[in-house]
Amino acid sequence: MSLLSVRDLSVSIGALRPVDGVSFELERGETLALLGESGCGKSMTALALMRLLPAGGRIAQGTIHFADEDLCRLTEAQMRHVRGGKLGMIFQEPATSLNPVMTVGEQIAEALRFHTGDTRRVVELLAAVGIPDPERRAREYPFQMSGGMKQRAMIAMALAGAPELLIADEPTTALDVTIQAQVLDLLDGLRRERGMAMLLITHDLGVVARMADHIGLMYAGHLVEMAPRAAFFAAPGHPYARRLFEALPEMAQEKRRLATIPGSVPPLGTTFTGCRFADRCSEVLPVCHRELPPWREHGPAHQVRCHLEVRVEQIVRKVGAGETASVGVPAPPPALLTVRELKVHFPIRRGILQRAVGYVRAVDGVDLTLPAGRTLALVGESGCGKTTVGKAILGLQAPTAGEIHWQAEKLQGLAPERMQMVFQDPFGSLNPRMRICEIVAEGRPSVDVARILEQVGLSASMADRYPHEFSGGQRQRIAIARVLAVAPQVLICDEPTSALDVSVQAQILNLLAELQQTLGLSYLFITHNIGVVNHLAHEVAVMYLGRIVERGTVAEVLRAPRHPYTQALLAAVPRIDGRRMDVKVAGDPPSPSNPPAGCHFHPRCPRAEARCREAYPPVVSVSATQSACCFFAK
Amino acid sequence: MLAYLIRRLLYALPILIGVNVITFALFFIVNTPDDMARMQLGVKRVTPEAIEKWKTERGYDKPLFWNTQASGAGQVTDTIFFGKSVKMFALDFGRADDGRDIAREITLRMGPSLAVAVPVFVLGLFAAISFALLLVYFRATYLDFAGVVLCVAMMSVSGLFYIIGGQWLVSKIWHLVPISGYAEGLSAAKFIILPVIISVLAGIGSAARWYRTIFLEEYTRDYVRTARAKGLSERFVLFRHVLRNALIPILTGAVVVIPTLFMGSLLIEAFFGIPGLGSYTIDAINAQDFAVVRAMVFIGSALYIVGLLLTDISYTLVDPRIRLS
Amino acid sequence: MKFVLLWSDALFFLLIAAMIAGGVWASRQPHLRASWRKVGQSRVAIGSAAVLAVFFAIAFVDSLHYRPQLPATPQGEVRYSTEVLSALDALLLPLRTQTEKTYSAPLATHLFAKETLDDAGRDFPPLRYPGTHLFGTDKVGQDVLYLTLKSIRTALLIGTLTTLIMLPAAIGLGLLAGYVGGWVDDVIQYLYTTLNSIPGVLLIAASVLMMQVVIDTHPEWFATSAERADARLLALCAILGITSWTGLCRLLRGETLKLRELEYVQAARALGVSSALILWRHILPNVMHIVMIAMVMDFSGLVLAEAVLSYVGIGVDPNTISFGTMINTARMELAREPMVWWSLAAAFIFMFVLVLAANLFADALRDAFDPRASR
């Protein structure tokens, strides 16, 4: 008998059905990953198991058997003992998921008191999730902890009732990649140690490859594929799964077009007749639009819900195809944009007279060179100052020091005809009160809107509509159209795809590559996504705490990183081939208002020596193009 | 944190000066003292001598800012601005039209004002929070709906009707308490009980509805879901998590009015004949006693600024995010 | 007859025109359409809007002022009465002119107090128009229903013009403080903190006292007593506006601070769009729903405030018919034995219905346009 057995589960919120007829099983000690893009119903499934659906939501049908008990039949009082007892849950946003006015210790003690009656185990639990100095930390409030620490505290809380099943809803999505690696290791270790089962909700194929035993792929409220991990990654059965793999930038041959899935995930409330993926499927059959496909055996314990019969042998998928050694990159053309010693410091004001008692050194001496028609990726974790660099170069943020040169000319303030920016959030970057034609023509009212819209792959007939009628990917195209209208030569792209689903991200990356080819644009591509860097960039600069620690061509930096931070960053990215690298980095990044003396990375560096604590390492050239700020770079 | 409070205190000073300048402009620039005299004396009976006499009695016969006839410091101090506005910072408010010292009158009348205002504040806050908690506990039920409708209906009735209706019902029909008046000491209770109840009733509708909104917004936060995921009961979630967070804006929002309680309530005191600062102000307005109104504006503003300071302090005490950072 | 356009009439017509234009504009904005549909689906919203529409219609008719022509003099000269009437007075001609001698109860047939009659000693004399006074008559025999209907215009004017007067300052300064920041923000914040720290009632009282002095010392400014009362009404609106713009200003400043950091504003700055254009095109349209909600929410508070202020004697001109002046006189009548209660009851019912409708409508609007602020 399985630990958890979900049969035909449907969730309704008003007239909507975010989860529709989902069935799966989970054995003790195993990890099942529910995988899917945003809006596919995976989080709703998890909340339904806890019977914590949002207001108006209810379980419309189906059964949830947990250790022989049907959770749907329990009274609310009985259910409370299951919640936090046999079933623990952790959530995506550690920053908001803890009560801000209670100490972490109190919040854990609360769960302990209810489920075990023994509140003395708070410190023990905090120690178990790897929080240093747990006695002191128990008395701290959430705002005094870093994001990773808060997520650990949340895990401690979920462990309080000694659960048999831990539900983790996107547990690392809000965290940086080095912290994500720490938390994933912790979760996996705890699961093995305690023999728990784990239900992992995620959109990240890398996380799935790292953590899951079994995988359930969801699409638009349906489960469409169930498979053991190895089988899923070797030979995904559903066309949606195959397209997802092909859309991953890290999977593509460098600089080639990514495979894309046309359109986007259908919105909630769409009525379907046949297969829910039929409209976006490249292998669609006439029957797909008429009939819901049946479950079909695809391999051992591997089922696919698809009309198309594909045998495992027919599927040729190259894992790590992008890993082939890079071909020689031609020497870079002369620099179009040069940034020298750029500094952006924000004063910290204190005291009666509000004097600046210190500075947040968001950007602390950055040099960059961007050649015409090339892409420079600026990589780093949140808070390293990479967005501030972009805004300072653009002129949106006044620099504290440093110079920006356009060829030989010194730039001051905005240069709208030369440089433009594409922002991260496709929903915040378009004014909801303006029509598309007004948005596109904002920078240059005389522009031919229809032509520009077609250039970014939209139809001219959309010009009179408003942003709310468009999906995230389409909005990002509109934002690109808006900057193309002023015909800049440099685009600063600030995480332009990180808010998009994988399938849509591929479309935008292809568009950017195309525009670079036809218009000769230069990109400063600010991102934390190594896969995107690999696919799109020519050169890379890695930032840590306001400074660039390593730079070079993509091939050099990603294949042969010299700085320990770059090495750790690359090792922390979960890879879909499931391989793990051993370079681990402990702890959290320090605050830019009080950076450590010497090398900023030394407190977390496995190779740190005495000299690393004393002086900031010089730039060490490794090759004509690669250099790193590390004593050990040679 | 101490530096923060000192800074807030220093910021309060220019505000008080601003208030002083505004009142001065309002009382002496918008209308000249001659205009005021003419109006008070009645346009018909007015003679130049009567105007002069009226001005001299009140000290309005001096120049506004600069006295060329005086010597030394007197050039500045022997002016209307100094005598009427600057001296207020030293709590010297001069004399009312009836010749009494305003500062002394204020100290005498503070007691009755507080005797009504403090119970109203405490009971009102308690009643509104309790009622809001009740509605939130039964949220999305008919009880909640009916409660909100009741709140909206209650806040749609003018305060005048609460007072008139209450006096008529309780005092005139039921003869439970005297209709108005005041006595010193404990015997004040029978005069105070009705105005207090009426004030609490009149305020509960809007306050309870507002607090309910704060509670409900707190319910949408992620930490509430975490608390439920721990298996805590709804009551526990409400009282331990939601209430604790919602009380921060509610209580610190209430703190700002505490100093102004001294001022009493204009309407209540006028209706119930309570000899506090509220009725003092009303009488001054009706008698067009400018000196008293000016003094009350200054005191009211000063107390409000003290309230702002108290709000800052209470935030730093209640909210760990501010206390510890 | 000769038409008279009082200042408050002009502003009121302007306001109604603006409301209609704003409504047409808002209903054409697709991003607002969903919110309007939500308002339309609420039965409470439709009901309260209908009630408010009736009140506004009454006030509108009552704002069409004229001076009736007097019988021509023997010399054939055309003269007009100094009394300013409104279209409502004409419509309610029977109510206005069918006066009794003194108090009479609702729908009564006889006066309320006994009088010495010629033939039969002391008794209740019969009314001239028995059974026609729905809410009875007041001390001078005026129909109470007529007085109540006339009060509506005063209440609505105070409730709407006040906001209209303060709107430019609140929007302009709020957006400026939030968007420009720096010392401009400091100055504006100082300004509204200072004004805000003066207790509202006292500032109003002081201002009204001073305004009274101005009006009383310049009788030559006003041709008719109606104009005088109108000036005082407008001045009261202005004073209430000055004391109440600070709340909206602070709200708009906060919202602008948030909007300023939004990516579409950043994008516009990067495109080289001027600050003035950004404020006009990006910030202002995105705070208009807050302005609208604030306007509707303030309305009921102002109607209630008018009653209290007029009652205390620092509101409208004592000759202006308003709920406050009605309650003020009714208060004395309660003390009579037997009690005269109908004036108070009439004022209570009309005010309650008006304010309740305004509150419910404001709620519905807020729910639809700012879902985060309600539940």
Side-chain angles (χ1 to χ4, degrees), chain A residues 46-47 50-56 76-103 106-115 139-144 153-154 157-158 160-161 163 167 169 349-355 357, chain B residues 1-13 136 138-141 144 215-252 312 314-325:
Chain A
L47 290 173
M50 293 288 277
R51 287 188 31 200
L52 279 177
L53 289 169
E76 181 56 29
Q78 289 169 320
M79 190 63 208
R80 287 205 283 113
H81 284 275
V82 176
R83 268 183 224 136
K86 293 177 191 163
L87 275 176
M89 183 159 181
I90 57 177
F91 300 95
Q92 175 173 354
E93 283 289 342
T96 56
S97 293
L98 293 172
N99 189 333
V101 301
M102 281 167 81
T103 62
E106 271 182 277
Q107 296 188 53
I108 297 172
E110 212 173 52
L112 281 173
R113 191 175 307 122
F114 182 69
H115 292 289
R139 289 190 301 273
E140 288 195 344
Y141 289 92
F143 75 95
Q144 294 167 295
M154 186 116 100
M157 212 178 293
I167 303 175
D169 186 359
R349 299 189 185 280
R350 289 253 170 75
I352 297 167
L353 296 173
Q354 289 291 285
R355 270 181 320 206
V357 294
Chain B
M1 199 184 89
L2 189 69
Y4 170 73
L5 288 176
I6 292 175
R7 200 160 53 77
R8 300 297 302 173
L9 202 65
L10 288 179
Y11 184 57
L13 202 64
V136 167
F138 290 100
R139 66 188 181 285
T141 64
D144 178 33
F215 283 131
L216 287 182
E217 192 167 327
E218 216 50 55
Y219 255 114
T220 63
R221 308 251 187 249
D222 284 348
Y223 71 80
V224 173
R225 190 179 58 187
T226 310
R228 289 197 184 119
K230 282 190 248 181
L232 304 181
S233 68
E234 273 307 298
R235 211 172 335 139
F236 205 86
V237 170
L238 175 61
F239 283 99
R240 209 173 146 85
H241 288 266
V242 173
L243 182 65
R244 221 158 143 174
N245 277 279
L247 275 185
I248 291 177
I250 291 177
L251 290 183
T252 45
D312 287 340
S314 61
Y315 251 117
T316 57
L317 292 180
V318 176
D319 195 329
R321 281 162 293 188
I322 296 170
R323 184 174 66 224
L324 298 172
S325 65

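All values reported here derive from a predicted model rather than from experimental measurement.
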**Q** Please look at L47(A) and chain B and tell me whether the side chain, the backbone, both or neither of the residue comes under 4.5 angstrom of a heavy atom of that chain.
**A** side chain

**Q** Closer than 4.0 angstrom, basic N to acidic O: yes or no for R244(B) and E106(A)?
**A** yes

**Q** For each of Q92(A), E110(A), E76(A), R51(A), tally heavy-atom pairs with chain B at distances under 4.5 Å, and name the one with the top tally.
**A** E110(A)

**Q** Of all the heavy-atom pairs spanning S97(A) and R225(B), show the shortest one and how long it is.
**A** OG-NH2, 4.4 Å

**Q** Please look at F236(B) and chain A and tell me whether the side chain, the backbone, both or neither of the residue comes under 4.5 angstrom of a heavy atom of that chain.
**A** side chain

**Q** Atom CZ of R7(B) and atom CZ of R349(A): how far apart are they, to the nearest 0.5 Å?
**A** 10.5 Å

**Q** Mind listing the closest non-hydrogen atom pair of A111(A) and K230(B) along with its distance?
**A** CB-CD, 3.5 Å

**Q** Against chain A, label L9(B) side chain, backbone, both or neither, depending on which of its atoms sit under 4.5 Å from a heavy atom there.
**A** neither

**Q** Between F91(A), F114(A), Y141(A), which shows the greatest number of heavy-atom pairs under 4.5 Å with chain B?
**A** F91(A)

**Q** Which heavy atom of P100(A) sits nearest to which heavy atom of P320(B), and what is that distance?
**A** O-CG, 4.1 Å

**Q** Check each atom of L232(B) against the heavy atoms of chain A and say whether the ones under 4.5 Å are side chain, backbone, both or neither.
**A** both

**Q** The criterion is salt bridge (Lys or Arg N to Asp or Glu O under 4.0 Å); which residues satisfy it with R8(B), sequence neighbours excluded?
**A** D312(B)

**Q** Could you have a look at I167(A), L52(A), T103(A) and say which one has the most heavy-atom pairs with chain B under 4.5 angstrom?
**A** L52(A)

**Q** Does a side-chain heavy-atom distance below 4.5 Å link R240(B) with M102(A)?
**A** yes

**Q** Using only heavy-atom distances, determine whether the side chains of Q107(A) and H241(B) contain a donor-acceptor pair under 3.5 Å.
**A** no

**Q** Give, as side chain, backbone, both or neither, the part of M79(A) having an atom under 4.5 angstrom from any heavy atom of chain B.
**A** neither

**Q** So which of R113(A), R83(A), Q144(A) has the biggest tally of heavy-atom pairs under 4.5 Å with chain B?
**A** R83(A)

**Q** For the atom pair OG1 (T226(B)) and CG (L98(A)), what is the distance rounded to the nearest 0.5 Å?
**A** 6.5 Å

